[in-house]
Amino acid sequence: MEVNSLTAMAILVLASYIFFYLPASRLRGVLVLIMLGIIGYALVATVAEMPTFGASANPPHNEVYQRYLHQAVEDTGAINAIAAIITDYRAFDTLGEVTVLFTAIAAALSNLKAH
Amino acid sequence: MEDLLVRIICRLVVPFVQLYGLYVITHGHLSPGGGFAGGAIVGASMILFALAFNLEAGSRKLSHDISLLMESGGAIGFILAGFVAMLLGQNFLTNKAAGFPLGVPGNLFSSGAIFFFSVAIGFKVGSTMCTLFYNLIEGSDRHRSSE
Amino acid sequence: MIDIEVLSKLFNNYYYFAAIILFIIGFHTMLTHANLIKKIIGMNIMETAAFLIFVSIGYIEGGRAPILDEGFDQIYMNPLPQALILTGIVVAVSVTAYALSLIIKLYQHYGTVDADEIARIRSYKP
Amino acid sequence: MNLNYEHLPVIIVALLLLAAFLEPIVYRHKKSWAAPLVIASMAFFALSSLYLMAAVNYHGPFNYYLGGWAPPFGIELEIDYLAVFLLLTFSVIGLIAIVYGLQDLKHGLKDEVLGWYFTLYLLLMASMAGISVTNDLFNMYVFVEISAISACAIISIKESRECIEASLKYLILSTLGSGCILLATAMLYMITGHLNIGYLNDVLPRVMSHYPNNILISLGFFVVGYGVKAALFPLHVWLPDAHTAAPSPSSAVLSGLVIKVYAAAFLKVFLKAYPREIFLEIPVMEIVLFLSVLAILYGSIVAMVQEDIKKMLAYSSIAQIGYVFLGFSLMGQRAVAGGLLHIFNHAMMKSMLFLAAGIIIYSTGIRRIRDMKGLGVKLPLTMGAFTIGALSMVGIPGTNGFISKWQLALGALDLGRPIIVVVILLSSLLNCLYYMPIVINAFFGVKGEPELEIGKVPGVMLYSILFLGFGIIFFGIYPAPLLAFLQKTVTAIL
């Protein structure tokens with residue numbers, strides 16, 4: 001399936017413009033459907049081209065994957081490879097994640113208390 | 001809601017839920033789960049308590065001061081543990097190379113800083129869940145009472 | 001235009017396909033519904049679609065969950081996407097909680113959670 | 001124990017986060033320490049950014065492996081010229097805005113949320129520092145989310161219903177953007193198996209021919225995602241309300257820094273992660289160029305008809321972010337340098353203008369441009385600073401706005417696009433049309449109706465805008481070191 005995603009992208013950009021300026025109406029509904037249809041077509045065309053689902057030769061199963069499985073126990077001492085990743089290999093992400101939770105608390109509390 | 005049955009069952013269940021949550025937190029490096037899942041379970045137990053009884057009873061169990069302290073404490077612990085590695089001459093958040101004892105893989109007290117991180121995350125997530133719940137409920141309650 | 005090869009590929013990649021459909025549904029909900037709660041639900045559907053597509057990248061046919069206590073001759077799933085999505089879920093939860101707190105306050109000020117209604121109230125100047 | 005300067009970037013992020021986590025406890029138990037804590041953290045941020053800039057300038061860029069794991073396995077921070085340039089911009093403007101804000105916020109916010117404001121402010125700064133230094137796409141997504149939530153929260157903290165509405169609109173749109181960014185990251189991870197920007201750049205040329213659609217879709221979603229967050233023209237709809245409703249220090253930071261950090265993230269992703277040959281095949285940069293030209297014209301035209309001064313400044317920001325994207329999308333050496341320079345210059349001018357508008361609102365309560373006649377006599381220093389900012393916006397030689405516009409125009413001419421120069425000139429003319437009447441009215445306008453009540457302007461507020469005004473003139477007259485630094489920056493990127 002040939003697809004020019006750039007048209008889809010341009011329409012996505014224009015779409016958001018229209019959504020926020022057109023009042024809710026039937027016309028807006030139709031326009032939204034048409035635009036989402038085009039975006040959906042582009043995405044479906046991408047799905048048809050993606051690496052096969054579940055194949056062990058897919059690009060993500062590369063040396064990084066091998067290292068995480070074969071050396072995680074030796075590197076981190078954790079049997080659960082996911083725990084090894086979130087708290088050791090990529091612990092900075094987890095710090096960010098904890099911070100997101102804290103930000104949500106701070107944001108929600110400040111908003112609830114301010115009014 | 002004033003339902004005796006719900007309250008009795010809740011009193012029975014909540015300790016087990018919390019125990020299970022603690023189990024999931026502390027066994028994060030050995031089995032599926034970890035700080036996030038376990039923290040969510042512990043937080044859910046507090047929410048269950050507040051739902052079965054009422055908000056005041058819930059906040060008496062976990063006062064605002066303590067939950068504020070736990071919020072910050074979990075995250076601060078995480079960062080300080082990262083700095084410990086730095087003081088030991090390694091990069092931020094280093095585990096093995098900084099000399100945290102890894103122990104025997106498969107034991108409960110193994111994997112160095114990961115165990116500590118899981119516990120810190122568990123604290124943080126659990127307290128966040130119930131703080132958010134209480135405050136959202138209080139926010140909408142205050143409105144209802146003012147009407 | 002649509003040949004059998006493409007269809008079989010779509011069929012093989014059914015997880016991705018479902019994720020795309022979810023994404024479109026979420027997008028549509030987010031953009032067309034005036035009810036703010038529904039907008040938030042659409043937002044969550046959209047993010048879930050992104051998580052689904054991310055986490056299904058890590059799937060390997062016949063693989064086990066990456067708990068490495070059975071030796072290395074097993075096939076394990078790719079743990080990296082799962083770890084990343086754990087982060088992503090927490091992010092989505094946080095955004096939802098904050099958005100809901102905003103909606104509570106908005107409801108207290110305007111008495112409605114309908115975006116069009118709020119716009120109407122705002123434009124009305126006595 | 002060897003703590004050398006290589007640890008500094010992560011110390012910056014971690015200490016800002018630590019201060020943010022401590023702030024609620026400190027505010028609850030020892031209220032008087034809260035403000036010094038935030039000032040101290042921001043001062044540390046500014047000083048260490050300055051030191052880092054000197055170190056990088058002298059020793060060259062370096063990488064930092066978090067947890068000691070080298071790139072494909074762990075997260076890598078890349079502290080190159082771009083990163084230190086952004087860090088310095090954010091820290092200095094952020095420090096000035098919060099010093100100013102201490103006075104303004106006491107008057108504008110409820111007492112019990114002031115501590116939360118400091119927390120959110122520090123979180124915002126930490127996340128912006130994180131976005132600047134990280135070299136990992138997913139890590140960038142996490143920081144982008146932190147900054148999205150905290151940026152919304154420093155709007156909704158003010159006690160007015162417009163703020164909540166603007167903040168919710170911003171939050172919904174920026175979450176849409178985050179969803180797009182995450183999906184695009186997934187598309188790239190699917191075909192390369194890497195999240196590190198350097199590795200992506202290596203692997204993408206090899207897989208380009210196998211999965212062209214994935215790359216196309218990821219490009220499109222990155223443009224939409226970062227475009228929404230940076231308020232690129234058709235996606236800017238949240239910006240005017242949000243920046244108008246927010247408290248003045250928040251407006252200054254949001255308009256001056258937060259939209260820029262997404263533009264910088266856009267630059268990082270597009271020029272560092274994607275190989276250049278992709279843009280020869282896919283004209284995505286042409287689209288961005290077209291949109292930014294539209295943004296420049298649209299923002300300037302709409303700003304002319306605004307009555308509220310903050311709203312006018314907000315629309316002007318849409319035009320100015322257009323300049324930044326214009327520079328990036330031209331992809332020439334001088335053009336990208338011009339775009340980066342405009343990040344710095346616009347951060348200074350727009351924060352100063354918003355802070356000056358804040359002083360006007362603080363001391364007189366006037367928001368409407370029409371009521372500002374004769375204000376120059378009452379608030380001479382404030383209006384003088386405002387005038388400097390306005391001149392810089394227009395691009396009068398001698399101010400820093402001129403330098404970046406000049407660079408952009410030269411960059412456009414380098415690539416043989418004289419039409420861009422026409423756009424820049426036209427936009428300067430339009431800027432002149434809406435900034436100059438304010439200045440002229442303020443100084444020479446006939447004093448209208450009843451006498452205005454002028455409150456006393458706190459010295460701190462005045463000094464901070466005067467400092468920024470001095471910076472505008474300084475970098476307008478003596479831009480050479482900055483330009484030399486940016487030359488190095490773009491040579492490293494392109």
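Since the model is a prediction, treat every value here as computed from it, not as a measurement. Quick note on labels: first sequence line is chain A, next is B, and so on, each numbered from 1.
In terms of non-hydrogen atom pairs under 4.5 Å with chain D, the most contact-rich of Leu69(B), Asn91(B), Asp65(B), Thr94(B) is Asn91(B). Interface summary for chain D: among Ile79(B), Asn95(B), Leu93(B), the most heavy-atom pairs under 4.5 angstrom belong to Ile79(B).
For Ala85(B), no part lies near chain D; criterion is any non-hydrogen pair under 4.5 Å.
The shortest side-chain heavy-atom distance between Glu78(D) and Pro61(D) does not fall under the 4.5 Å cut-off. At least one side-chain heavy atom of Phe83(B) sits less than 4.5 Å from a side-chain heavy atom of Ile11(D).
Taking 4.5 Å as the heavy-atom cut-off, none of the residues of residues 128-147 of chain D approach chain B.
Tyr121(D) places a side-chain N or O within 3.5 Å of a backbone atom of Gly94(D) that can act as its donor or acceptor partner.
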Worksheet entry | Evaluation steps, salt bridge (Lys or Arg N to Asp or Glu O under 4.0 Å), between Asp80(D) and Lys268(D) | CA-CA 11 Å; Asp80(D) 52 358; Lys268(D) 262 179 128 160; over 6 Å; no
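Taking the centre of each ring, Tyr20(B) and Phe16(B) stay at or above the 6.0 Å mark.
The existence of a salt bridge linking Lys31(D) and Asp111(D) is confirmed by a sub-4.0 Å separation between a basic side-chain nitrogen and an acidic carboxylate oxygen.
Distance CG/Leu77(D) to NE2/His7(D): 11.5 Å, rounded to 0.5 Å.
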